[in-house]
Amino acid sequence: MYNNPLPPNTPDSEQQLYQRALALAGYTMKELAEAAKLPIPENLKRDKGWVGMLLEYYLGACAGSKAEQDFPHLGVELKTIPINALGNPLETTFVCVAPLTGNSGITWESSHLRHKLHRVLWVPVEGERSIPLAQRRIGSALLWSPDVDEEQQLKHDWEELMDLIVLGKVESITARHGEVLQIRPKAANSRALTEAIGEFGQPIMTLPRGFYLKKAFTRALLAKHFNL
DNA sequence: GCGTGATCATCA
DNA sequence: TGATGATCACGC
(Lines give C-alpha, C1' and ligand atoms only; values in the text may rest on other atoms or scores of the structure.)
Protein backbone atom coordinates (compact mmCIF):
# COMPACT_ATOMS: atom_id res chain seq x y z
CA MET A 1 0.00 0.00 0.00
CA TYR A 2 2.50 2.60 1.10
CA ASN A 3 6.00 2.59 2.51
CA ASN A 4 6.62 2.88 6.19
CA PRO A 5 6.64 6.49 7.22
CA LEU A 6 9.77 7.68 8.93
CA PRO A 7 10.75 6.81 12.47
CA PRO A 8 10.28 9.54 15.03
CA ASN A 9 13.75 10.73 15.90
CA THR A 10 15.19 14.16 15.59
CA PRO A 11 17.05 15.09 12.38
CA ASP A 12 20.67 16.11 12.77
CA SER A 13 20.92 18.37 9.76
CA GLU A 14 18.72 20.77 7.90
CA GLN A 15 18.98 18.65 4.76
CA GLN A 16 17.91 15.55 6.61
CA LEU A 17 14.94 17.42 8.01
CA TYR A 18 14.05 18.70 4.56
CA GLN A 19 14.36 15.28 2.93
CA ARG A 20 12.25 13.80 5.67
CA ALA A 21 9.57 16.40 5.06
CA LEU A 22 9.64 15.81 1.31
CA ALA A 23 9.21 12.09 1.90
CA LEU A 24 5.86 12.78 3.51
CA ALA A 25 4.43 14.39 0.39
CA GLY A 26 1.43 12.54 -0.95
CA TYR A 27 0.51 10.73 2.23
CA THR A 28 -2.94 11.27 3.66
CA MET A 29 -3.71 12.19 7.25
CA LYS A 30 -5.28 8.79 7.67
CA GLU A 31 -2.17 6.95 6.50
CA LEU A 32 0.12 8.96 8.75
CA ALA A 33 -2.16 8.79 11.78
CA GLU A 34 -2.62 5.04 11.47
CA ALA A 35 1.08 4.35 10.99
CA ALA A 36 1.80 6.44 14.08
CA LYS A 37 -1.09 4.81 15.95
CA LEU A 38 -2.56 8.21 16.65
CA PRO A 39 -6.31 8.77 16.82
CA ILE A 40 -7.61 10.97 14.03
CA PRO A 41 -10.46 13.39 14.74
CA GLU A 42 -13.45 13.76 12.43
CA ASN A 43 -12.55 17.39 11.79
CA LEU A 44 -10.39 20.14 13.25
CA LYS A 45 -13.10 22.06 15.09
CA ARG A 46 -11.80 20.89 18.45
CA ASP A 47 -8.34 19.87 17.28
CA LYS A 48 -7.06 22.91 15.44
CA GLY A 49 -3.45 22.05 16.02
CA TRP A 50 -3.75 18.39 15.15
CA VAL A 51 -2.06 18.49 11.75
CA GLY A 52 0.77 20.57 13.14
CA MET A 53 1.31 18.14 15.99
CA LEU A 54 1.26 15.17 13.61
CA LEU A 55 3.93 16.77 11.46
CA GLU A 56 5.99 17.63 14.52
CA TYR A 57 5.89 13.99 15.46
CA TYR A 58 6.94 12.73 12.03
CA LEU A 59 9.69 15.28 11.63
CA GLY A 60 11.11 14.79 15.09
CA ALA A 61 10.40 18.23 16.51
CA CYS A 62 10.62 18.78 20.23
CA ALA A 63 6.87 18.53 20.86
CA GLY A 64 5.39 20.86 23.40
CA SER A 65 8.66 22.62 23.78
CA LYS A 66 8.74 26.26 24.69
CA ALA A 67 11.90 26.78 22.70
CA GLU A 68 12.20 29.60 20.23
CA GLN A 69 12.10 27.24 17.29
CA ASP A 70 10.90 23.72 16.67
CA PHE A 71 14.40 22.57 15.82
CA PRO A 72 16.65 24.74 18.01
CA HIS A 73 19.80 22.81 17.08
CA LEU A 74 19.10 23.51 13.42
CA GLY A 75 17.66 26.98 13.85
CA VAL A 76 14.55 25.91 11.92
CA GLU A 77 10.90 26.63 12.59
CA LEU A 78 8.21 24.25 11.32
CA LYS A 79 4.96 25.62 9.90
CA THR A 80 2.16 23.60 8.36
CA ILE A 81 0.08 25.70 6.00
CA PRO A 82 -3.41 24.76 4.82
CA ILE A 83 -3.83 25.22 1.07
CA ASN A 84 -6.59 24.85 -1.50
CA ALA A 85 -6.46 22.93 -4.79
CA LEU A 86 -4.57 25.81 -6.41
CA GLY A 87 -1.92 25.80 -3.74
CA ASN A 88 -3.12 29.04 -2.18
CA PRO A 89 -3.15 29.45 1.60
CA LEU A 90 -6.54 29.10 3.26
CA GLU A 91 -5.54 30.72 6.51
CA THR A 92 -3.18 33.33 7.88
CA THR A 93 -0.11 31.94 9.63
CA PHE A 94 0.39 32.47 13.33
CA VAL A 95 4.00 33.37 14.09
CA CYS A 96 4.30 34.30 17.74
CA VAL A 97 2.70 36.19 20.59
CA ALA A 98 2.93 39.96 20.32
CA PRO A 99 4.89 41.33 23.30
CA LEU A 100 2.75 44.04 24.92
CA THR A 101 5.15 45.00 27.72
CA GLY A 102 8.89 44.98 28.31
CA ASN A 103 9.63 46.29 24.85
CA SER A 104 12.20 48.94 25.70
CA GLY A 105 15.37 48.22 23.80
CA ILE A 106 13.74 45.65 21.54
CA THR A 107 14.51 46.21 17.87
CA TRP A 108 13.61 44.36 14.71
CA GLU A 109 17.03 42.76 14.78
CA SER A 110 16.50 41.36 18.26
CA SER A 111 12.81 40.56 17.87
CA HIS A 112 11.27 37.20 18.55
CA LEU A 113 9.36 37.42 15.29
CA ARG A 114 12.45 37.91 13.16
CA HIS A 115 14.17 35.04 14.90
CA LYS A 116 11.22 32.71 14.33
CA LEU A 117 11.03 33.54 10.64
CA HIS A 118 14.77 33.38 9.99
CA ARG A 119 14.46 29.83 8.66
CA VAL A 120 11.12 28.09 8.15
CA LEU A 121 10.20 24.64 6.90
CA TRP A 122 6.80 25.13 5.29
CA VAL A 123 4.71 22.01 4.86
CA PRO A 124 1.61 22.63 2.74
CA VAL A 125 -1.35 20.42 3.62
CA GLU A 126 -4.69 20.17 1.85
CA GLY A 127 -7.04 22.18 4.02
CA GLU A 128 -10.34 22.54 2.25
CA ARG A 129 -13.21 21.63 4.54
CA SER A 130 -14.88 19.81 1.67
CA ILE A 131 -12.13 17.21 1.96
CA PRO A 132 -12.55 14.93 4.97
CA LEU A 133 -9.55 15.35 7.27
CA ALA A 134 -8.58 11.70 6.88
CA GLN A 135 -8.26 12.12 3.11
CA ARG A 136 -6.28 15.34 3.10
CA ARG A 137 -2.77 14.97 1.70
CA ILE A 138 0.60 16.40 2.59
CA GLY A 139 2.17 18.59 -0.06
CA SER A 140 5.76 19.25 -1.06
CA ALA A 141 7.75 20.97 1.67
CA LEU A 142 9.66 24.20 1.23
CA LEU A 143 12.69 25.41 3.16
CA TRP A 144 12.54 29.20 3.27
CA SER A 145 14.29 32.27 4.59
CA PRO A 146 13.03 35.80 3.95
CA ASP A 147 14.77 37.50 1.03
CA VAL A 148 15.76 41.17 1.23
CA ASP A 149 12.34 42.39 0.13
CA GLU A 150 10.40 40.09 2.40
CA GLU A 151 12.58 41.03 5.35
CA GLN A 152 12.01 44.71 4.64
CA GLN A 153 8.26 44.23 4.46
CA LEU A 154 8.21 42.32 7.70
CA LYS A 155 10.44 44.84 9.42
CA HIS A 156 8.29 47.74 8.25
CA ASP A 157 5.07 46.23 9.58
CA TRP A 158 6.68 45.00 12.77
CA GLU A 159 8.04 48.45 13.57
CA GLU A 160 4.72 50.13 12.85
CA LEU A 161 2.78 47.67 15.00
CA MET A 162 5.31 47.71 17.81
CA ASP A 163 5.21 51.51 17.84
CA LEU A 164 1.47 51.37 18.44
CA ILE A 165 1.96 48.87 21.26
CA VAL A 166 4.70 50.90 22.92
CA LEU A 167 2.72 54.12 22.56
CA GLY A 168 -0.23 52.63 24.41
CA LYS A 169 -2.45 52.18 21.38
CA VAL A 170 -2.69 48.40 21.37
CA GLU A 171 -6.46 48.48 21.69
CA SER A 172 -6.72 50.56 18.52
CA ILE A 173 -4.85 47.95 16.50
CA THR A 174 -6.99 45.90 14.12
CA ALA A 175 -6.15 43.11 11.70
CA ARG A 176 -6.17 45.73 8.94
CA HIS A 177 -2.96 47.29 10.15
CA GLY A 178 0.14 46.05 8.35
CA GLU A 179 0.73 45.01 4.77
CA VAL A 180 2.11 41.51 5.25
CA LEU A 181 1.95 41.15 9.01
CA GLN A 182 -1.08 41.64 11.22
CA ILE A 183 -1.95 41.52 14.90
CA ARG A 184 -5.06 39.64 16.00
CA PRO A 185 -6.34 38.10 19.23
CA LYS A 186 -4.51 34.98 20.34
CA ALA A 187 -6.27 33.69 23.41
CA ALA A 188 -8.50 31.03 24.88
CA ASN A 189 -11.44 33.42 24.48
CA SER A 190 -12.35 37.09 24.44
CA ARG A 191 -12.31 37.28 28.26
CA ALA A 192 -8.63 36.41 28.53
CA LEU A 193 -6.50 39.26 29.82
CA THR A 194 -2.84 40.17 29.85
CA GLU A 195 -0.93 43.28 30.80
CA ALA A 196 -0.23 46.04 28.31
CA ILE A 197 0.47 49.79 28.11
CA GLY A 198 -2.54 52.11 28.18
CA GLU A 199 -3.06 55.39 26.35
CA PHE A 200 -1.62 57.38 29.23
CA GLY A 201 1.30 55.07 29.72
CA GLN A 202 -0.38 53.27 32.59
CA PRO A 203 -0.68 49.47 32.89
CA ILE A 204 -3.91 48.07 31.49
CA MET A 205 -5.31 44.59 31.06
CA THR A 206 -6.18 43.65 27.51
CA LEU A 207 -6.74 40.70 25.18
CA PRO A 208 -3.54 38.80 24.35
CA ARG A 209 -2.50 39.30 20.72
CA GLY A 210 -0.42 37.41 18.22
CA PHE A 211 1.47 38.20 15.03
CA TYR A 212 0.10 36.55 11.90
CA LEU A 213 1.40 36.48 8.33
CA LYS A 214 -1.27 37.59 5.88
CA LYS A 215 -2.25 35.17 3.15
CA ALA A 216 -0.88 37.30 0.31
CA PHE A 217 2.56 37.07 1.87
CA THR A 218 2.60 33.30 2.26
CA ARG A 219 0.90 32.87 -1.11
CA ALA A 220 3.70 34.82 -2.79
CA LEU A 221 6.32 32.93 -0.86
CA LEU A 222 4.93 29.57 -1.96
CA ALA A 223 4.42 30.75 -5.54
CA LYS A 224 7.96 32.01 -5.81
CA HIS A 225 9.26 28.61 -4.90
CA PHE A 226 6.90 26.41 -6.86
CA ASN A 227 6.16 28.48 -9.97
CA LEU A 228 9.62 29.67 -10.97
C1' DG B 1 -2.26 32.93 32.14
C1' DC B 2 1.32 31.85 28.69
C1' DG B 3 3.07 29.81 24.76
C1' DT B 4 2.71 25.83 21.84
C1' DG B 5 -0.19 24.06 17.69
C1' DA B 6 -3.62 26.57 14.68
C1' DT B 7 -8.76 26.88 12.47
C1' DC B 8 -13.43 28.34 13.28
C1' DA B 9 -17.41 31.12 12.31
C1' DT B 10 -19.61 35.38 12.10
C1' DC B 11 -20.54 39.49 9.59
C1' DA B 12 -19.46 43.25 6.55
C1' DT C 1 -17.52 34.85 0.35
C1' DG C 2 -13.41 36.15 2.58
C1' DA C 3 -11.18 38.34 6.39
C1' DT C 4 -11.51 39.73 11.18
C1' DG C 5 -12.14 38.69 15.64
C1' DA C 6 -13.02 34.61 18.44
C1' DT C 7 -12.00 30.26 19.79
C1' DC C 8 -10.20 25.12 20.88
C1' DA C 9 -6.78 21.88 23.25
C1' DC C 10 -2.80 20.95 25.92
C1' DG C 11 1.28 21.19 29.41
C1' DC C 12 2.84 23.69 32.94
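Sequence lines set the chain letters: A, B, ... in the order given, protein chains first and strands last, and positions in each chain run from 1.
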Residues which pass side chain to side chain contact (heavy atoms under 4.5 Å, CB included) with Gln202(A), listed by chain and number, not counting sequence neighbours: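 Checked Gln202(A) against side chain to side chain contact (heavy atoms under 4.5 Å, CB included); matches are Phe200(A), Ile204(A).
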
Lys48(A) side-chain N/O to dA9(B) phosphate OP1/OP2 under 4.0 Å: no

Side-chain N,O (Lys214(A)) to OP1/OP2 (dG2(C)) below 4.0 Å: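 For dG2(C), neither OP1 nor OP2 has a side-chain N or O of Lys214(A) closer than 4.0 Å.
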
In whole angstrom, what separates [X]'s [atom1] from [N]'s [atom2]?
X	N	atom1	atom2	answer
Leu55(A)	dA6(B)	CG	C1'	12 Å
Arg46(A)	dT7(B)	CZ	C1'	13 Å
His112(A)	dC2(B)	NE2	C1'	12 Å
Ile83(A)	dT7(B)	CD1	P	12 Å
Met29(A)	dT7(B)	CE	P	11 Å
Glu171(A)	dG5(C)	CD	P	13 Å
Leu78(A)	dG5(B)	CG	P	8 Å
Phe211(A)	dT4(B)	CZ	P	13 Å

Check ion pair Asp70(A)-Lys79(A) (N to O, under 4.0 angstrom):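 Here Asp70(A) does not pair with Lys79(A) in a salt bridge, since their nearest N and O are not under 4.0 Å apart.
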
Short N-O contact, Glu109(A) and Arg114(A), less than 4.0 angstrom: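 Yes, this pair counts.
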
Positions of residues 189-196 of chain A (non-hydrogen atom under 4.0 Å from DNA chain B), listed by number: Ala192(A), Leu193(A), Thr194(A)

Proximity to DNA chain B (any heavy atom under 4.0 Å), residues of residues 123-145 of chain A only: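 The answer is Arg129(A).
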
Residues that Tyr18(A) engages under ring-ring contact (aromatic ring centres under 6.0 Å, His included), provided they are two or more places apart: none

Tabulate atom names and distances for all N/O pairs under 3.5 angstrom spanning the protein and nucleotides 10-12 of chain C.
none

CA sep, side-chain torsions, deciding dist, call: Lys224(A), Asp147(A), salt bridge (charged side-chain N to carboxylate O under 4.0 Å, His left out): CA-CA 11 Å; Lys224(A) 228 188 303 183; Asp147(A) 63 23; 2.7 Å; yes

Under-3.5 Å donor-acceptor pair between Tyr212(A) side chain and dA6(B) base: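 By the distance-only test, yes, there is a pair.
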
Base of dT7(B) paired with side chain of Lys45(A) (donor-acceptor, under 3.5 Å):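 Side chain to base: no pair below 3.5 Å.
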
Reference residue Leu32(A); test side-chain contact (heavy atoms from CB on, under 4.5 Å); the match among Ile138(A), Ile40(A), Leu38(A):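 Testing Leu32(A) for a side-chain contact (heavy atoms from CB on, under 4.5 Å) against Ile138(A), Ile40(A), Leu38(A) leaves exactly one candidate, Ile138(A).
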
Rounded to the nearest 0.5 Å, how far does [atom2] of [Y] lie from [atom1] of [X]?
X	Y	atom1	atom2	answer
Leu121(A)	Arg119(A)	CG	CZ	9.0 Å
Trp144(A)	His118(A)	CH2	NE2	10.5 Å
Glu14(A)	Leu143(A)	CD	CG	4.0 Å
Leu90(A)	Ile81(A)	CG	CD1	9.0 Å
Ile183(A)	Ile165(A)	CD1	CD1	4.0 Å
Lys186(A)	Tyr212(A)	NZ	OH	5.0 Å

Least distance between heavy atoms, Lys116(A) atom then Cys96(A) atom: CD-CB, 4.3 Å

Ala141(A) versus Phe226(A), closest heavy-atom pair with distance: O-CZ, 4.2 Å

Residue pairs involving residues 80-104 of chain A (criterion side chain to side chain donor-acceptor pair (under 3.5 Å); sequence neighbours excluded): Thr92(A)-Arg184(A)

Sequence neighbours excluded, every pair satisfying side chain to side chain donor-acceptor pair (under 3.5 Å) that has a member inside residues 126-135 of chain A: Glu126(A)-Arg137(A)

Close residues, residues 85-104 of chain A, relative to DNA chain C [heavy-atom separation under 4.0 Å]: none

Any residue of residues 174-186 of chain A with a heavy atom less than 4.0 Å from an atom of DNA chain C: Thr174(A), Ala175(A), Arg176(A), Gln182(A), Arg184(A), Pro185(A), Lys186(A)

Touch class at under 4.0 angstrom, heavy-atom based, for Gly52(A) against every strand present: sugar-phosphate

End axis versus end axis in the helix from dG1(B)-dC12(C) to dA12(B)-dT1(C), the angle rounded to 10°, five pairs used at each terminus: 30°

Salt bridge (Lys or Arg N to Asp or Glu O under 4.0 Å) partners of Arg219(A), counting only residues at least two apart: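 Result, salt bridge (Lys or Arg N to Asp or Glu O under 4.0 Å) vs Arg219(A): none returned.
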
Leu193(A): hydrophobic cluster co-members (side-chain, 4.5 Å):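 Grouped by the 4.5 Å side-chain rule, Met205(A) form the rest of the cluster around Leu193(A).
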
Lys214(A)/Glu179(A) under salt bridge (charged side-chain N to carboxylate O under 4.0 Å, His left out): CA gap, chis, key distance, verdict: CA-CA 8 Å; Lys214(A) 293 192 176 184; Glu179(A) 297 293 323; over 6 Å; no

